[in-house]
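Down below is the structure, laid out as structure tokens.
None of these values were measured; they are calculated from a predicted model.
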Amino acid sequence: MNVLMLTSPAPARAGFSTSEKRPPLGVGTLIAILERAGHTVQFDDQYLAPWPIFDSPAFLAKHKIEVVGIYCNTICLQGTLSLVRKLQYLREHGLWKGRIAVGGPHTSYGAESLPEYIDHICIGEGDITFPEMINGQEKRRIAVGKKVEDLDSLPMPAWRHFIYRGYNWSSPWDEGYPMYTMNTSRGCPFSCTFCSVKGVWGRTYRFMSAERVMEDVEVMRRYYGMQAAYFREDHFTLDRQRTLGFCEGLLRRGMVFPWLCESRADSIDSPEVIELMAKAGCKALYIGVESGSQRMLDLLKKHEQVEQFERVIKKARACGIRTYASMIYGVPGETEEDVARTEAFLARANPHYVGRNIFAGLPGSELYDELRATGRYDYEDENGLLYPEGYEERARRAYGHEYFAVVSKALGTPAPATPNQVMRAAKTPEVSVIMPAGNAAAFAAEAVQSILGQSFGDFELLLLDDASTDDTWQLFQAQRDPRIYLHRNETRLGVSAGLNKLLGQARGRFIARMDADDLSAPGRLAAQVDFMRRNPDIWVCGGAYTAAEGERKWHCAPPATDAAIKAGLLFDNNLAHPFVMLNGEKFKEHGIRYDEKMTAAQDYELWLRLLRQCPEARFANLARNLGQYRRLPGAVSTARADEKRAMQFRALMPVFGKLGFSKTDQSLGLHKYLRFSEEVESETGLARVFEWALQLRRANAAHGLFAAAEFDSALTGALAAMLERNKRFAGAGARLFSSWAGAVKAGGA
């Protein structure tokens, strides 16, 4: 197969420096794996030197490219989108018939921001899974990459694709030239709140053996003329025994040469270790210090001490090793006193170089989630990065105008009166109504008016247009109520990401959901606010509603009590998402957000997650009719039924785990007959479903996840619905149901 591997173009300006142009080693390893498997691979580095590679099909035709694989960092998302749009244009016009694949760090947190026409999306490591995708072994469009446990098994990066390109082959910290970057470990066991790397590589630390690293060094020196190495990875020295083995091995083999590495201070906080590193050729250390204030280090969950940084930097200097201290300023919660402590630390420790970085929230980090939940940020750029309050002034002082200016310009198209500063200056409303919309012009005006016409008036209405191609945005802009705040995504992010964006902006004590194609009854907000005020232990309040499909309408009255709702969730989503009201204080306190990997059934996954992880969370449904729910042709609930069912089943798997079932238990497949009332093939199949129901009942009795009486009621209802769907086995079904009812009545299983 002919494969083209690409990096994405860097933005012209950004809140981070994009000037470091070094070989993409992960892509290089993947190329080597593909070539070893017999594929023919072309490579182009758009990050290094962008050019209009897809403005015509010439390159693709010349090399007979069948698959284009694109590496995407979040900061390069717009460049990735530009590439895939051009490829899709070529496909739509019959100029190319290949497949598009995207991987890289951005997919770990932003897979849903990528267009649906992308054929393959690999989350995390692609060494095993990406080849399986293009070979057809991995059938899923979006798949989490399998982890390589033995890094020694990986081939060296395909250096022949890199060696002649104009990368940065040097370092200001050492004069060795050429200096090649190397990467010998993956994963991070730490929980630093500003970092998102754990979502890419995982929390387990995996590394190549000292012997393997030395073998690669020898190859690079012998065949590629390497004069110095930069171990460009998060934790080169994290395993002390490997560090010692590497250094002792270089000395033993007579291979001492100049090298640099990135390191935590605590892993080398020993005079003997630093001295050995110096003897083995270490010339510089890149150390992520972040702050000279112990309070801030604790807040960042660094699990390191200021004194450790001082000792390591001073000992390194004494041994002739240069140090680069990477610092972060402007972290939420940092005070002027913390900044003063940082400057005092730098004066005492006296590193050779200091990198002063202004904090911005990276998707996937704990601080990003905190910013999103509290809304304490001034900007969100088109790639989803959050810039906290005061970022602009800090960036101006640290970087100059060219960096922060792009933030202001990358916000998309904010509507009048939407900046956070304006919203916070206004009176805080009791309720925030959040309504994301994508191509909803046909019904959005009615939906908006059903909120503006509420008998309860103390609310704000947050409208988000998710890159609609119809008149949704223009319709939103035409609204003139001062309680409306508009937001717009220039590129489609999807429902979950849109909901999270609005949750981050919502200021109300209570948060009401609303869909852009449904209608809220005039007294909806008043009824829910009254109930939530009187029942502060309720986290989610839904209610009855009218379902409408064309001219047909019917009343839906889901279970009312907490126990009945929770028991019923195993068999149905009995909280109508368009009409729920959330306890905003509870959600913010616990940092609860929608799972952005869920392309459907986002609400169902959220309710089940609350059930599992927050036992104190309580649900309720009002008997009052809260509105009208439209079932539309083309909606997720109809056109994408299979995807929705798959997502619902995915959301159920952790619940089955709570009931003691293994993920590999073959009986789990029988649950589809209860969850979706599917037709069975035979009377034997019908009997197996009843046996599965008995297993569920026994499991709940053993683990006590659901209240027994409510669970029996919900399970009996699911069996009855399943039998209604399978009337052709009426006789057998009646016998089985009678036996079941008798067992329940007797209290047995």
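Considering only heavy atoms from C-beta on, S8 comes within 4.5 Å of I70 through its side chain. Between I321 and K283, every side-chain heavy-atom pair lies at or beyond the 4.5 Å cut-off. L285 has its side chain within reach of M277: a pair of non-hydrogen atoms, C-beta onward, lies under 4.5 Å apart. Between I313 and P351, some side-chain heavy-atom pair lies under the 4.5 Å cut-off. A heavy-atom distance below 4.5 Å is found between the side chains of L346 and R356. Under the 4.5 Å side-chain criterion, counting only non-hydrogen atoms from C-beta, L30 is in contact with P131. The closest side-chain heavy-atom distance from L276 to E248 is below 4.5 Å. In this structure the side chain of M179 never reaches within 4.5 angstrom of the side chain of Q227, judged on heavy atoms.
If you look at F246 and F231, their ring centroids are closer than 6.0 Å. Aromatic rings of Y180 and F162 (six-membered ring for Trp) have centroids beyond the 6.0 Å cut-off, not under it. Taking the six-membered ring where the residue is Trp, the centroids of H120 and F130 are separated by 6.0 Å or more. Here Y377 and Y387 keep their ring centres 6.0 angstrom or further from each other.
Put simply, the side chain of N168 never gets that close to the backbone of E20: no donor and acceptor are under 3.5 Å apart. A donor-acceptor pair is defined here as one N or O able to donate and one able to accept, closer than 3.5 Å; such a pair exists between the side chain of T129 and the backbone of K146. A donor-acceptor pair is defined here as one N or O able to donate and one able to accept, closer than 3.5 Å; no such pair exists between the side chain of N489 and the backbone of R492. No side-chain donor-acceptor contact under 3.5 Å links E125 to the backbone of K147. Remark: side-chain polar atoms of R212 are paired, donor with acceptor, to backbone N or O of L154 under 3.5 angstrom. Panel note: side chain Q294, backbone V306; a donor-acceptor pair is recorded below 3.5 Å. Listed for the E304 side chain is a donor-acceptor partner under 3.5 Å among the backbone atoms of A265. Not one N or O on the side chain of R22 forms a donor-acceptor pair closer than 3.5 Å with the backbone of R232.
In this pair, H63 and F59 present their aromatic rings tilted. The plane angle is within the 30 to 60° band. Relative ring orientation between Y205 and H235 is described as perpendicular, the plane-to-plane angle rising above 60° on a 0-90° scale split at 30° and 60°.
Of the inter-residue distances, the one linking F345 atom CZ with S291 atom OG reads 9.0 Å to the nearest 0.5 angstrom. Within the model, atoms CG of L362 and CG of N73 stand 10.5 Å from one another, a figure rounded to the nearest 0.5 Å. Taken from CD in E233 to OG in S263, the straight-line distance is 10.5 Å, to the nearest 0.5 Å. Annotation: the span from I163 atom CD1 to W169 atom CH2 amounts to 4.5 Å, rounded to 0.5 Å. Considering CD1 of I274 and SG of C319, their distance stands at 6.5 Å, rounded to 0.5 Å. How far CG of D378 is from CG of L386: 11.0 Å, rounded to the nearest 0.5 Å.
Taking 4.0 Å as the cut-off between side-chain N and carboxylate O, R253 and E211 count as a salt-bridged pair. We find that K315 and E275 are joined by a salt bridge, their nearest charged nitrogen and carboxylate oxygen being less than 4.0 Å apart. A salt bridge links E35 with R160: the closest approach of a Lys/Arg side-chain nitrogen to an acidic carboxylate oxygen falls below 4.0 angstrom. Look at K302 and E290 and you find a salt bridge, because one of the NZ, NE, NH1 or NH2 atoms lies within 4.0 Å of a carboxylate O, short of that distance.
Judged by distance alone, the side chains of D44 and Q46 do bring a donor and an acceptor atom under 3.5 Å apart. Between the side chains of E596 and N500, at least one donor-acceptor pair of N or O atoms lies under 3.5 Å. Between the side chains of E366 and S191, no donor-acceptor pair is found at a separation under 3.5 Å. Using a 3.5 Å distance cut-off with no hydrogens or angles, the side chains of T243 and T237 do not pair a donor with an acceptor. Inspection of the T181 and N183 side chains reveals no N or O donor paired with an N or O acceptor under 3.5 Å. Side-chain contact, R372 with Y368: a donor N or O sits under 3.5 Å from an acceptor N or O. Side-chain atoms of K314 and N350 include no donor-acceptor pair closer than 3.5 Å.
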Check the pair Y47, K21 against side chain to side chain contact (heavy atoms under 4.5 Å, CB included), reporting the backbone distance first and the verdict last. CA-CA 8 Å; Y47 188 86; K21 307 293 187 180; 3.6 Å; yes
For the pair N2 and V67, evaluate side chain to side chain contact (heavy atoms under 4.5 Å, CB included) and give the outcome as yes or no after the intermediate values. CA-CA 7 Å; N2 296 317; V67 177; over 6 Å; no
For a salt bridge (Lys or Arg N to Asp or Glu O under 4.0 Å) check, start with the C-alpha distance between R311 and E307, then their side-chain angles and the critical distance, and finish with the verdict. CA-CA 6 Å; R311 286 195 298 268; E307 294 77 11; over 6 Å; no
Determine, stepwise, if the pair D45 / R165 fulfils salt bridge (Lys or Arg N to Asp or Glu O under 4.0 Å). CA-CA 9 Å; D45 197 330; R165 299 179 189 269; over 6 Å; no
Working for side-chain hydrogen bond (donor to acceptor under 3.5 Å, both in side chains), residues R322 and Y353: CA-CA 8 Å; R322 298 179 181 181; Y353 309 92; 3.2 Å; yes
